[in-house]
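See below for the structure under consideration.
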Amino acid sequence: MHWSFVPPSLCANGACEMTDMTTLYAAYAGTIQTALQALVADGTLPEGTSFANVTLEPPRDPSHGDLATNAAMVLAKPAKTNPRALAEAIATKLKSDPTIVSAEIAGPGFLNLRLDPSAWLGELETITKLGDEYGRSSMGAGTTVNVEYVSANPTGPMHMGHCRGAVVGDALASLLELAGHEVTREYYINDAGGQVDTLARSAHLRYREALGENIGEIPEGYYPGAYLIPIGEYLAQEVGEKYRDAPEEEWLPYFRAEAVEKMMDLIKSDLALLGIHHDVFASEAALHAAGKPDEAEKWLREHDLVYDGVLEAPKGKAPPEDWEPVELPLFRSTKFGDDQDRPIKKSDGKWTYFGADLAYHMQKAADADELIDIWGADHAGTVKRIKAAVAALSEGKGKPTPFDVKLVQMVQLMRGGEPVKMSKRSGNFITIADMVEEVGKDVVRFTMLTRKPEAQMEFDFAKVVEASKDNPVWYVQYAHARIQSTIRKAADEEGVTPSTDALNQLGSDEIALIRRAAQFPREVESAAKAREPHRIAFYLYDLATDLNSFYSLGNTEPEKRFILKHDKGLTAARLFLASAIGQVLRNGLRVLGVEAVDRM
RNA sequence: GUCCCCGUAGCUCAGGUGGAUAGAGCGUUGGAUUCCUAAUCCAAAGGCCACAGGUUCGAAUCCUGUCGGGGACACCA
């Protein structure tokens with residue numbers, strides 16, 4: 001795990017400066033950096049040595065100490081010495097810090113540090129003082145990130161297929177915010193293609209139905225879902241019989257605009273059920289109206305990145321029967337690693353989806369420093385071309401715009417071990433509203449975040465509501481509720497509240513728990529760097545495990561309970577510990593968008 | 001045929017930007033309850049990290065290939 005050598009003075013956001021508090025890992029990272037700089041000053045390390053690969057982490061085996069650094073192994077080469085000799089030099093410098101009680105060299109050159117217990121106890125005060133801000137990093141300060149997620153076609157309510165990407169995107173956005181980035185949560189509305197025309201026609205059908213016509217079975221090529229019935233009724237109310245028998249070109253634009261708007265209302269309310277709210281809803285139609293694709297094409301042609309050419313027939317499988325060579329404006333995506341150049345316009349002269357998407361990303365890249373798209377795995381085939389597009393567009397800017405596409409794999413819905421059958425044809429699919437109603441928002445969100453997004457997962461309705469250790473969301477919430485309950489009970493029955501007065505009475509069991517809590521800021525930074533919010537979910541599970549283990553010590557050793565009737569000082573100190581752990585659980589759950597409950 | 005993702009305990013999965021003895025839950029076996037929330041805890045057993053090469057002080061992690069699972073492959077979005 002890496003950590004960034006960001007000195008506290010670089011802490012750009014107000015919270016850091018106001019409180020003037022540094023978390024434990026950041027502080028000792030600074031200590032080590034100072035020691036390394038001293039070695040540069042006295043010539044042990046060459047001028048300009050990069051410390052980028054130096055890590056500070058908990059040793060795998062706690063008996064090795066409190067902290068471990070690989071500095072000597074990483075820097076032995078530039079120092080032209082062997083790791084153990086360099087470690088010796090680093091250790092000498094570090095020992096001038098009174099809170100470092102020992103610095104031992106181990107294995108191939110690890111430097112294991114032992115801290116005075118007061119260092120760990122101090123972290124409890126840091127957690128408490130920083131409160132909701134504990135874990136906030138300045139790592140991303142000054143970098144704006146645009147996260148585009150969901151972007152479901154506005155042709156119906158949200159169903160299961162959208163759920164995972166929605167949750168992952170939202171948690172990622174929150175994570176990046178906590179890591180200090182300024183984040184825009186964006187939704188791209190595909191309101192310009194053939195699908196929304198189909199939507200408009202389907203709405204027209206329902207409109208005629210609302211006017212009393214018997215429309216019978218919904219024909220092939222129309223959306224059959226019952227959710228369009230209220231749209232038809234609404235339209236009938238708005239325009240009466242005006243468009244009942246009118247030719248399509250008269251009503252299509254109006255029906256399309258109305259239907260899309262209603263569908264977006266539906267989608268927004270579905271997203272709200274999951275606690276998801278976007279900052280920007282970007283319309284593809286508006287993009288066209290503003291002439292953005294033309295601008296993009298012009299720019300690309302000037303840079304010889306778009307040319308008129310003929311695509312080859314698809315290889316490997318039999319080409320479609322109606323395949324014929326056509327000259328189209330093609331984007332040179334092969335120049336950036338794609339297998340084939342991609343058309344930006346269709347043979348009828350209209351823009352392809354890609355042509356518009358290219359212009360859309362051009363616009364996003366102009367507004368943000370970094371871009372992230374969350375897509376379903378079924379769009380994997382288009383990753384290369386859009387990455388190529390962003391690479392091409394940012395060539396002109398002098399420096400490339402970092403751009404990540406996160407692919408989210410399918411979720412297999414199960415019920416008691418059996419796959420849930422869904423029929424798309426009848427429009428009978430499991431919606432997000434169904435899911436949230438059945439198992440709750442917190443369960444849906446947490447479960448979606450307990451697997452890395454690029455791996456396929458199962459979601460079993462039966463398992464996911466089980467109240468057991470096998471169900472992480474319950475387990476983590478239980479730990480938090482347990483803490484809150486203990487604090488309540490101590491106040492009500494013993495009149496004791498958390499206090500630092502007797503903090504130095506806390507022993508090694510408590511410090512083991514603090515050690516885990518102190519990881520949180522590191523987890524935030526590494527998860528943000530990797531763009532992997534699921535790491536926070538796993539961390540919270542580990543922290544909950546440690547809390548529950550500690551709590552259970554009191555079952556066999558009553559003197560290890562939080563609440564001790566005979567020792568109010570120690571009770572208050574343990575409550576202070578409990579309260580700090582609760583704070584970290586809350587801060588982590590907030591990233592995931594899961595509620596930290598006080599009672600269960 | 002090409003491209004993308006995945007392959008870790010019996011099962012479901014972490015760990016993967018190279019570091020010390022590969023982790024957790026479920027399941028199995030054996031324990032803990034005059035209990036601050038047992039929706040919990042402790043312990044045992046269980047592994048050629050798919051396979052084969054390569055890179056280096058060091059590989060589950062990086063590279064190449066093979067096998068297996070999933071997905072995508074004209075002007076659909």
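Order of the sequence lines fixes the chain letters, A, B, ..., with proteins taken first and strands second; residue numbering starts at 1 for each chain. Everything numeric in this text was worked out from a predicted model, so none of it was measured.
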Query raised in the report: Looking at the side chain of A:N555, which of B:C13, B:A20, B:C35 is the nearest nucleotide?
Result: B:C35
Query raised in the report: Looking at residues at least two apart in the chain, or sitting in another chain, which of them share a ring pair (Phe, Tyr, Trp, His ring centres under 6.0 Å) with A:F336?
Result: none
Query - side chain to side chain donor-acceptor pair (under 3.5 Å) against A:S283, all qualifying residues, sequence neighbours excluded - result: A:D191
Report summary line: Intra- and inter-strand pairing of RNA chain B, written as dot-bracket with Watson-Crick and G-U pairs under 3.5 Å and | for the latter, reads (((((((..((((.....[...)))).(((((.......))))).....(((((..]....))))))))))))....
Query - B:G10 versus B:C5 - spacing of their P atoms, nearest Å - result: 27 Å
Report summary line: CZ of A:R599 to CZ of A:R488, rounded to nearest 0.5 Å, is 3.5 Å
Requested in this report: Please evaluate the base of B:A74 for a donor-acceptor partner in the side chain of A:D341 within a cut-off of under 3.5 Å?
Outcome: no
Query - Sequence-distant partners of A:S63, side chain to side chain donor-acceptor pair (under 3.5 Å), two or more places apart - result: A:D61
**Report entry** P gap between B:G27 and B:U12, integer Å
**Finding:** 15 Å
Report summary line: Residues passing the side chain to side chain donor-acceptor pair (under 3.5 Å) test with A:E370, sequence neighbours excluded, are A:R531
Query raised in the report: When you check the phosphate oxygens OP1 and OP2 of B:C42, does a side-chain N or O of A:S549 lie under 4.0 Å from one of them?
Result: yes
Query raised in the report: Between A:M457 (CE) and B:G71 (C1'), how many Å, whole number?
Result: 17 Å
Pair up each side-chain donor or acceptor in residues 354-362 of chain A with any protein partner under 3.5 Å, not counting sequence neighbours, and list the distances.
| from | atom 1 | to | atom 2 | distance (Å) |
| --- | --- | --- | --- | --- |
| A:D357 | OD1 | A:H361 | ND1 | 3.4 |
| A:Y360 | OH | A:E186 | OE2 | 2.7 |
| A:H361 | ND1 | A:D357 | O | 2.9 |
| A:H361 | NE2 | A:D373 | OD2 | 2.6 |

If you restrict it to nitrogen or oxygen atoms, what contacts under 3.5 Å exist between nucleotides 2-8 of chain B and the protein, and what is each distance?
| from | atom 1 | to | atom 2 | distance (Å) |
| --- | --- | --- | --- | --- |
| B:C3 | O3' | A:K384 | NZ | 3.3 |
| B:C5 | O2' | A:E454 | O | 2.7 |

Query raised in the report: Could you give the distance from CG (A:D509) to CZ (A:R574), rounded to the nearest 0.5 Å?
Result: 8.0 Å
Query raised in the report: Picking from B:C57, B:U37, B:C35, which would you name as closest to the side chain of A:K77?
Result: B:C57
Validation: residues 374-387 of chain A side-chain donor-acceptor distances under 3.5 Å, sequence neighbours left out:
| from | atom 1 | to | atom 2 | distance (Å) |
| --- | --- | --- | --- | --- |
| A:T382 | OG1 | A:H379 | O | 2.8 |

Query raised in the report: Thinking salt bridges, do A:E523 and A:R535 make one under a 4.0 Å N-O criterion?
Result: no
Query raised in the report: Listed by chain and number, what are the side-chain contact (heavy atoms from CB on, under 4.5 Å) partners of A:A544, not counting sequence neighbours?
Result: A:Y475, A:V476, A:A479
Query raised in the report: Does A:R535 put a side-chain nitrogen or oxygen below 4.0 Å from OP1 or OP2 of B:G16?
Result: yes
Query raised in the report: For the pair made of CE in A:M73 and P in B:U56, what is the distance, rounded to whole Å?
Result: 19 Å
**Report entry** Under-4.0 Å salt bridge between A:E458 and A:K463
**Finding:** no
Query raised in the report: Quick one: A:E557 CD to B:C41 P, roughly how many Å, whole number?
Result: 16 Å
Query raised in the report: Expressed in whole Å, how much space separates the P atoms belonging to B:G18 and B:G25?
Result: 29 Å
Query - Gap between atoms NE2 and P, on A:H534 and B:C13 respectively (whole Å) - result: 13 Å
Query raised in the report: Between A:Q412 and A:Q456, does a side-chain contact (heavy atoms from CB on, under 4.5 Å) hold up when you go through it step by step?
Result: CA-CA 8 Å; A:Q412 173 78 20; A:Q456 290 137 243; over 6 Å; no
Query raised in the report: A:F459 CZ to B:U12 P: how many Å, rounded?
Result: 18 Å
Query raised in the report: Quantified in whole Å, what is the P atom distance between nucleotide B:U61 and nucleotide B:A9?
Result: 15 Å
Query raised in the report: How far, in whole Å, is B:A59 from B:G15 if one measures between their C1' atoms?
Result: 14 Å
Query raised in the report: Taking the P atom of each, how far is B:G23 from B:C63, in whole Å?
Result: 25 Å
Query raised in the report: Tell me: CZ of A:R522 to P of B:U17, nearest whole Å?
Result: 13 Å
Query raised in the report: Below 4.0 angstrom from OP1 or OP2 of B:A39, is there any side-chain N or O of A:Y551?
Result: no
Requested in this report: Report the nucleotide, chosen from B:A77, B:C13, B:A20, that has the shortest atom-to-atom distance to any side-chain atom of A:H379.
Outcome: B:A77
Query raised in the report: B:G46 and B:A22: how far apart are their C1' atoms, nearest whole angstrom?
Result: 14 Å
Requested in this report: Go through B:A77, B:A72, B:A38 for me and flag the one nearest to the A:D378 side chain.
Outcome: B:A72
Query raised in the report: If we require ring centres under 5.5 Å and near-parallel planes under 30°, does A:F110 stack on B:A20?
Result: yes
Query raised in the report: What nucleotide among B:A32, B:A77, B:C35 has an atom nearest to a side-chain atom of A:T556?
Result: B:A32
Report task. Could you tell me whether A:N112 contacts a base, only the sugar-phosphate backbone, or nothing, with contacts defined as non-hydrogen atoms closer than 4.0 Å? Result -> base
Query raised in the report: Would you call A:E532 and A:K452 a salt bridge, taking side-chain N to carboxylate O under 4.0 Å as the test?
Result: no
Report task. Determine the Euclidean distance between corresponding P atoms of B:C48 and B:A60; express it in Å to zero decimal places. Result -> 14 Å
Query raised in the report: Between atom CZ in A:R482 and atom P in B:U40, what is the gap in whole Å?
Result: 9 Å
Query raised in the report: What residues, two or more places apart in sequence or in another chain, satisfy ring pair (Phe, Tyr, Trp, His ring centres under 6.0 Å) together with A:Y539?
Result: A:F520
Would you tabulate the nitrogen or oxygen pairs shorter than 3.5 Å linking the protein to nucleotides 21-28 of chain B?
| from | atom 1 | to | atom 2 | distance (Å) |
| --- | --- | --- | --- | --- |
| B:U21 | O4 | A:D61 | OD2 | 3.3 |
| B:G25 | O2' | A:D470 | OD1 | 3.0 |

Query raised in the report: Within the structure shown, what part of the strands sits under 4.0 Å from A:E324 by heavy-atom distance: base, sugar-phosphate, or nothing?
Result: base
Report summary line: Closest to the 5' end of RNA chain B, once A:S552 and A:Y353 are matched to their nearest nucleotides, is A:S552
Report task. Could you tell me which residues satisfy salt bridge (charged side-chain N to carboxylate O under 4.0 Å, His left out) with A:D338, sequence neighbours excluded, listed by chain and number? Result -> A:R342
Requested in this report: Would you mind telling me which of B:A39, B:A77, B:C36 lies closest to the side-chain atoms of A:T486?
Outcome: B:C36
Query raised in the report: OP1 or OP2 of B:U37 sitting under 4.0 Å from any side-chain N/O of A:S485?
Result: yes
**Report entry** Protein-nucleotide distance (A:F562, atom CZ; B:U40, atom P), rounded to Å
**Finding:** 17 Å
Query - Whichever of A:L111 and A:E284 has its nearest RNA chain B nucleotide further upstream toward 5' - result: A:L111
